[in-house]
Amino acid sequence: MLLLLLGACLPAPGTEANPGGSGGPAGEPPTTTPTTVATPTTSTSTIPTFELRGRVTTPDGLPLPGALVAAGPRRATSGEDGRFALTGVPAGALSISRPGWETTQMQWDGGVTPVAAELEPRLIRALRVSRYNLEDDMLDDLIQLAEGTSVNGLVFDTKDETGTVLYDTAVGEAHRLGAVEVVYDPEQILEEAHRAGLYAITRIVTFEDPIRAGKVPEAKLAGAWVDPADPVNWSYPIDLAVEACELGFDEIQFDYVRFPAGRTAVAAAARRPIDQAGRVQAIVAFLEEARRALHPLGCPVAADIFGIALSSPTDEGIGQRPDELSGVVDVLSPMIYPSHYSPGWIGFADPNDHPGPVVADALEAGMPRLAGTAILRPWLQAFYYTSGQILEEIAEAESRGLGWMLWNAGGNYRAESLPVDSEEEAEGS
């Protein structure tokens, strides 16, 4: 959605004040950040050009940084306060886009500025594709299952929990480690998914890596984990992510992007004593580095977090807090699995018996904590449950305007567990 606003007060292009600030509350003068301004090129054309200024926001009015504004050959990127400026722009088509958000287009006559652009988050409803689905040549079955339902995405693994890379990657480190096992051809599965109109996400297990932890002693933190606080351990997953984006995956999702939990955490703390602030900063820094590598290629950065992180005031010892992470990723995906909550959680002797209320409570606790512009898209439990229970979880996400992803380790889903596509439902009524 794009609106044209008259009379709004914006700084002149290139003005800098309070770099790094964000837009102020409604009714207060907004702060500004450095804005990318394209310098006009010399031209013998008689086509008139103009100055274009504006601001990009979310539907809630939050400034949306990193949005690409394209006007013919001119390009600018919105700053931290969402503002942008371009000079030498002819009247005509404008396009405003950002990884993870719906692209907005409009015709601009050159006479009305500033432009106010409101981008909508891309709403994805996805199924996780297991290696078993691919080994048994069942991808077509999942694609057919998605047809006629609201499912519009699939999640594939690039590197899984065992440290195995599931296709013949060109990333040398994977081969040096002996981590490659060819399960699928990425070009083939992407062609099939995209032909069916499905959004393709790839999941990269990041810091739990039994293969690398076992073969590179200096990388190891404890158990099967490499050290998230050591930037040396960032290059490998980011290299895989860049390759996946260049292959054509639509979104890169980092899983196990945290410090270890449980007994492994005790050994990890003995080897690298680090406080909560240090843990959170390490995860933030890694995701910032990933964003710098992936955004220029057009891929959104997603991160999976523990479901409990939405409700806990601490990082739970693993470096995950939605408050900080929501400012550095495009998509934040809490794994809200009722089977993982302890007896007594929100008053339930067995939280697993109450999927709807557990999901609702987690989302209500977490949504207000998203200090940044990350899109919240939860993983929902699709194991141990009846179709009715899965639909209960989905309904809680849908009622809050959120997309979702279903997790089933074997990739086993039933049509009756999935909402019917709204358009087909309307045609059948």
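Note that the structure is a prediction, hence the values are computed from the model and not measured. Along the sequence shown, the residues carry numbers beginning at 1.
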Using a 3.5 Å distance criterion without hydrogens, assess whether the side chain of W234 forms a donor-acceptor pair with backbone atoms of P228. yes
Test item: side-chain donor near acceptor, W404 and E393, under 3.5 Å: no
Tell me which one of L134, V151, V129, L198 satisfies side chain to side chain contact (heavy atoms under 4.5 Å, CB included) with L142. V129
Give the minimum heavy-atom separation between L119 and S97, together with the two atoms involved. CD1-C, 4.3 Å
For a quick test of reading the model, state the closest non-hydrogen atom pair linking G54 to P114 and the distance between them. CA-CB, 4.1 Å
Are any of the side-chain heavy atoms of H354 and P357 separated by less than 4.5 Å? yes
Give a yes or no on this: more than 12 heavy atoms of other residues, nucleotides or ligands lie within 6.0 Å of atom CZ of F383. yes
Output field: ring centroids F207/Y256 closer than 6.0 Å: no
Note: D315 and Q276 closest approach over all heavy atoms is N-OE1, 3.0 Å
I'd like to check M405 versus Q253 (side-chain heavy atoms, cut-off strictly below 4.5 Å). Are they in contact? yes
Can I211 and T164 be said to form a side-chain contact (heavy atoms from CB on, under 4.5 Å), step by step? CA-CA 8 Å; I211 295 175; T164 303; 4.2 Å; yes
Please say which of R122, R291, R98 ends up in a side-chain hydrogen bond (donor to acceptor under 3.5 Å, both in side chains) with D330. R98
Is a side-chain N or O of D230 found less than 3.5 angstrom from the main chain of N233, in a donor-acceptor match? no
N408 (side chain) donor-acceptor with S130 (main chain) under 3.5 angstrom: no
Between the CZ atom in F254 and the CD1 atom in I238, the distance rounded to the nearest 0.5 Å is 6.0 Å
Does L363 reach the side chain of P378, with side-chain heavy atoms less than 4.5 Å apart? yes
For A360 against E396, the heavy-atom pair lying closest together: CB-OE1, 3.4 Å
Roughly how far, to the nearest 0.5 Å, is CG of L240 from OG1 of T206? 9.5 Å
V171 and V242: CA distance, side-chain angles, deciding distance, side-chain contact (heavy atoms from CB on, under 4.5 Å) verdict: CA-CA 10 Å; V171 174; V242 167; over 6 Å; no
Would you call Y385 and N352 a side-chain contact if the rule is heavy atoms closer than 4.5 Å? yes
Side-chain contact test, heavy atoms from C-beta onward, threshold under 4.5 Å: evaluate it for S311 versus W345 and give yes or no. yes
For N133 and M138, indicate whether the former's side chain and the latter's backbone hold a donor-acceptor pair under 3.5 Å. no
Pair E208 + R258, salt bridge at N-O below 4.0 Å: no
Atom pair CD1/CD of I318 and Q320 - distance to nearest 0.5 Å: 4.0 Å
For F286, is there any backbone N or O sitting under 3.5 Å from a side-chain donor or acceptor partner on E289? no
Which pairs of donor and acceptor atoms, one on a side chain in residues 331-341, lie under 3.5 Å apart (sequence neighbours left out)?
from, atom 1, to, atom 2, distance (Å)
S333, OG, R377, O, 2.7
S339, OG, Q381, OE1, 3.0

Under a 3.5 Å distance rule, please check whether D255 uses its side chain to pair with a backbone N or O of I204 as donor and acceptor. no
So, T162 and D160: side-chain donor and acceptor under 3.5 Å apart, yes or no? yes
D137 atom CG, neighbour heavy-atom count above 12 within 6.0 Å: no
Mind listing the closest non-hydrogen atom pair of P121 and W101 along with its distance? N-CE3, 3.3 Å
According to disulfide (SG to SG under 2.5 Å), does anything in residues 229-320 pair up with another residue at least two apart or in another chain? List the pairs. C245-C299
Derivation and outcome, side chain to side chain donor-acceptor pair (under 3.5 Å), residues D304 and W379: CA-CA 8 Å; D304 294 340; W379 276 106; 3.1 Å; yes
Is there a donor in the side chain of S387 and an acceptor in the side chain of S417, or the other way round, less than 3.5 Å apart? yes
Value for CG (L310) from CE (M367), rounded to nearest 0.5 Å, stands at 10.5 Å
Do any N or O atoms from the side chain of R74 and from the backbone of A70 form a donor-acceptor pair under 3.5 angstrom? no
Start with the C-alpha distance between R212 and K220, add both sets of side-chain angles, then the distance that settles side-chain contact (heavy atoms from CB on, under 4.5 Å), and finish with yes or no. CA-CA 8 Å; R212 192 159 189 270; K220 182 174 180 176; over 6 Å; no
Assess whether atom CD of E181 is packed by more than 12 heavy atoms of other residues, nucleotides or ligands within 6.0 Å. yes
Side-chain heavy atoms of T77 within contact of V69, under 4.5 Å: no
I want to check something: taking the side chain as every heavy atom from C-beta on, are S150 and V420 in contact at a cut-off of under 4.5 Å? no
When rounded to the nearest 0.5 angstrom, what is the spacing between CG in L177 and CG in D209? 7.0 Å
Starting at CG of L166, measure out to OH of Y184 and round the result to the nearest 0.5 Å. 5.5 Å
Have T58 and T373 got a donor and an acceptor in their side chains that come within less than 3.5 Å? no
Taking S326 for its side chain and P322 for its backbone only, find out whether a donor-acceptor pair lies under 3.5 Å. yes
Can you find a pair of side-chain heavy atoms, one from S78 and one from R55, that are under 4.5 Å apart? no
If only side-chain N and O atoms count, and only distance matters, is there a donor-acceptor pair under 3.5 Å linking E243 with Y167? yes
Do Y132 and N412 get their side chains close enough for a donor-acceptor pair, meaning under 3.5 Å? no
How about E192 and Q188: does a side-chain donor come under 3.5 Å of a side-chain acceptor? yes
Residues I201, F249; criterion side-chain contact (heavy atoms from CB on, under 4.5 Å); working and verdict: CA-CA 6 Å; I201 303 168; F249 283 100; over 6 Å; no
Write down the atom of V165, the atom of A174, and the distance for their closest heavy-atom approach. CG2-CB, 4.0 Å
State whether R203 and D157 are salt-bridged, where the test is any N-O pair (Lys NZ or Arg NE/NH1/NH2 against Asp/Glu carboxylate O) under 4.0 Å. yes
Residues R272 and D227 bridged, charged N to O under 4.0 Å: yes
Do side-chain atoms of R321 reach the backbone of E316 as a donor and acceptor pair under 3.5 angstrom? no
Would you say R125's side chain and P419's backbone share a donor-acceptor pair under 3.5 angstrom? no
